[in-house]
Q: 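Submitted below is the structure of interest, expressed as structure tokens.
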Number of protein chains: 2
Amino acid sequence: MSQRQPPPVEAGPYRSHCAIARTLDLLGDKWTLLVLRDALFFDVSTFAGFCQRPEQVPTNLLAARLKKLVAAGLMEKVAYQQRPTRYQYLPTAVAKELIPALLALKQFGDNYLQD
Amino acid sequence: MSQRQPPPVEAGPYRSHCAIARTLDLLGDKWTLLVLRDALFFDVSTFAGFCQRPEQVPTNLLAARLKKLVAAGLMEKVAYQQRPTRYQYLPTAVAKELIPALLALKQFGDNYLQD
DNA sequence: CTGGATCCTGATGGATACTG
DNA sequence: CAGTATCCATCAGGATCCAG
């Protein structure tokens, strides 16, 4: 319970001091949380892997979202192979703290939005 | 536990069958969840009330979001006065089911996003 | 061939002015 | 007060291009 947590992340400036508004400033668009879903729940880690998901994110938007998430400290870009260099995008410990929110959104969709 | 729940809501078409993606199709923008936050946590119900919140949503976007939320069954538009007719926007039972997700997002913001 | 960057076009966002 | 209309800036999405 009182274990040390990762440090807060800078991703502002924000619209207001409300924590919900701040979170939405960072994650509140159509793709960012989907990328995190794939990284956290489906173990997707390569650029191509994210592209191949059913929602078909455009490559330019994916590149932009990954950059933003790396800058915000939610994902880490790691080279896992040389010649040619290949990168992996891995969720950080901070990103894992979004799991409860993602599950709550999933539950809402399951229960109240028809497919 | 087994009490009857409100019926599912039509708000598609959706990008995929994933419940998270569906929820994000409906709510995943910078303003929609903020409007619901105000309605659910701060008892805001009038057009002007939403406008006056610290994030200062533009009136055209507020009108569009309220329309969408009413169409999706998450808010109800109710006349509460005649001559001139005044309307209130009230969260439905379905909207209240988003409270856990909003609290999870707030917790993330509180813990990991610096102000 | 993979991982992106670039480009172009239409859609959306945001500020503000205006109207019933 | 409750929205609509307008105008401009930015973003989304798709196609293509380029570098390693």
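Protein chains get the first letters and strands the later ones, always in sequence-line order, with residue 1 at the start of each. The structure presented is a predicted model; accordingly, all values stated were derived computationally and were not measured.
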Q: Report yes or no: does Ser16(B) contribute a side-chain atom to a donor-acceptor pair with the main-chain N or O of Pro54(A) at less than 3.5 Å?
A: no
Q: Scan residues 30-47 of chain B against DNA chain D and write down, sorted by residue number, each residue with any heavy atom closer than 4.0 Å; if none is found, say none.
A: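 Residues of residues 30-47 of chain B under 4.0 Å from DNA chain D: Thr46(B), Phe47(B).
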Q: Can you see if the side chain of Lys67(B) gets near the phosphate of dT4(D) - specifically, an N or O under 4.0 Å from OP1 or OP2?
A: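 For dT4(D), OP1/OP2 do have a side-chain N/O of Lys67(B) under 4.0 Å.
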Q: Could you give the distance from OG1 (Thr32(A)) to CZ (Arg65(A)), rounded to the nearest 0.5 Å?
A: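 Separation between the atoms: 4.5 Å.
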Q: CG of Asp29(B) to CG of Leu24(A): how many Å apart, nearest 0.5 Å?
A: 8.0 Å
Q: Determine whether a donor-acceptor pair (N or O, by modelled atom type, separation under 3.5 Å) exists between the side chain of Arg86(A) and the backbone of Gln81(A).
A: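 Absent.
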Q: For Arg65(A) and dG13(D), give me the distance from atom CZ to atom C1', rounded to whole Å.
A: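 Those two atoms, CZ and C1', are 12 Å apart.
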Q: Take the protein atom CD of Gln52(A) and the nucleotide atom C1' of dT2(C), then report the distance between them rounded to whole Å.
A: 11 Å
Q: Not counting sequence neighbours, list each pair that qualifies as a ring-ring contact (aromatic ring centres under 6.0 Å, His included) and has a residue in residues 56-109 of chain B.
A: Phe108(B)-Tyr112(B)
Q: Is it the case that Arg53(A) places NZ or CZ above or below the six-membered ring of Phe42(A), under 6.0 angstrom from the centre and within 45 degrees of the axis?
A: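 Cation-pi check for Arg53(A) and Phe42(A): passes.
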Q: Rounded off to whole Å, could you give me the CG-to-P distance for the Leu24(A) and dG13(C) pair?
A: 14 Å
Q: How long is the gap from CG on Leu62(B) to NZ on Lys67(B), to the nearest 0.5 Å?
A: 11.0 Å
Q: I need the CZ-P distance between Phe50(A) and dT2(C), as an integer number of Å.
A: 17 Å
Q: Tell me the interatomic distance from Gln88(A), atom CD, to dG4(C), atom C1', rounded to whole angstroms.
A: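 The answer, rounded to whole Å, is 17 Å.
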Q: For residues 53-63 of chain A, which residues have at least one heavy atom under 4.0 Å from DNA chain D?
A: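 DNA chain D contact set from residues 53-63 of chain A: Pro58(A), Thr59(A), Asn60(A), Leu61(A).
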Q: Go through the steps for Leu102(B) and Ile20(A) under the test side chain to side chain contact (heavy atoms under 4.5 Å, CB included), then give the verdict.
A: CA-CA 7 Å; Leu102(B) 286 168; Ile20(A) 296 178; 4.3 Å; yes
Q: Whole-Å distance between dG14(C) P and Asp25(A) CG?
A: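 One finds 10 Å between P of dG14(C) and CG of Asp25(A), rounded.
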Q: Under 3.5 Å, side chain of Lys68(B) to main-chain N/O of Leu26(B), donor-acceptor pair present?
A: yes
Q: Can you give each donor-acceptor pair under 3.5 Å made by side-chain atoms of residues 43-50 of chain B, sequence neighbours left out, with the distance rounded to 0.1 Å?
A:
unit_1, atom_1, unit_2, atom_2, d
Ser45(B), OG, Gln88(B), NE2, 3.4
Thr46(B), OG1, Gly49(B), N, 3.0

Q: Could I get a table of every N or O pair under 3.5 Å where one atom is in the protein and the other is in nucleotides 18-20 of chain D?
A:
none

Q: Phosphate oxygens OP1/OP2 of dG3(D): is one of them under 4.0 Å from a side-chain N or O of Lys77(B)?
A: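 True: Lys77(B) side-chain N/O within range (under 4.0 Å) of dG3(D) OP1/OP2.
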Q: Expressed as a whole number of angstroms, how long is the span from Tyr89(B):OH to dA2(D):C1'?
A: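 After rounding, the gap between these two atoms is 8 Å.
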Q: For Asp25(A), what residues pass the side chain to side chain donor-acceptor pair (under 3.5 Å) criterion, not counting sequence neighbours?
A: Arg15(A)
